[in-house]
Amino acid sequence: MKCAICGREADERSYCEMHMKAYESIDKKYGAWKKALQISWKEYLSEIVKNPLTGEWAKELAEHLIRSGESQNVESS
Ligand SMILES: [Zn+2]
């Protein structure tokens, strides 16, 4: 399987190692953001893309997630 974003070799979750790592850190950070800001997953992804401090991997991933309309994998209330 190839990474949905960069086409490198990927594991069964369809992201390569680097994009998977970016996904995990984005996903983890969202928990904290949501508590503080009442922000939706989509809004959060837009903030990541806009943030100049966001790394390239995370930015690519966030753009991909916005395009694909994927919702957060872990549903928490
Ligand atoms: Zn990748």
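In each ligand, atom 1 is the first atom listed, and ligand 1 is the first ligand listed.
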Apply side-chain hydrogen bond (donor to acceptor under 3.5 Å, both in side chains) to Glu24 and list each qualifying residue two or more places apart in sequence or on a separate chain. none
Are side-chain heavy atoms of Glu9 and Cys16 found at a separation under 4.5 Å? no
Listing by chain and number, which protein N, O or S atoms are under 2.8 Å from the Zn ion (ligand 1)? Cys3 SG, Cys6 SG, Cys16 SG, His19 ND1
Under 3.5 Å: donor-acceptor pair, side chain of Tyr30, backbone of Tyr44: no
Looking at every heavy atom in both Glu47 and Ile39, which two are closest together, and how far apart are they? CG-CD1, 4.0 Å
Does NZ or CZ of Arg8 fall inside the cone over Tyr15's six-membered ring, less than 6.0 Å from its centre and within 45° of the axis? no
Within the structure provided, determine whether Ile48 and Leu61 are in side-chain contact (heavy-atom separation under 4.5 Å). no
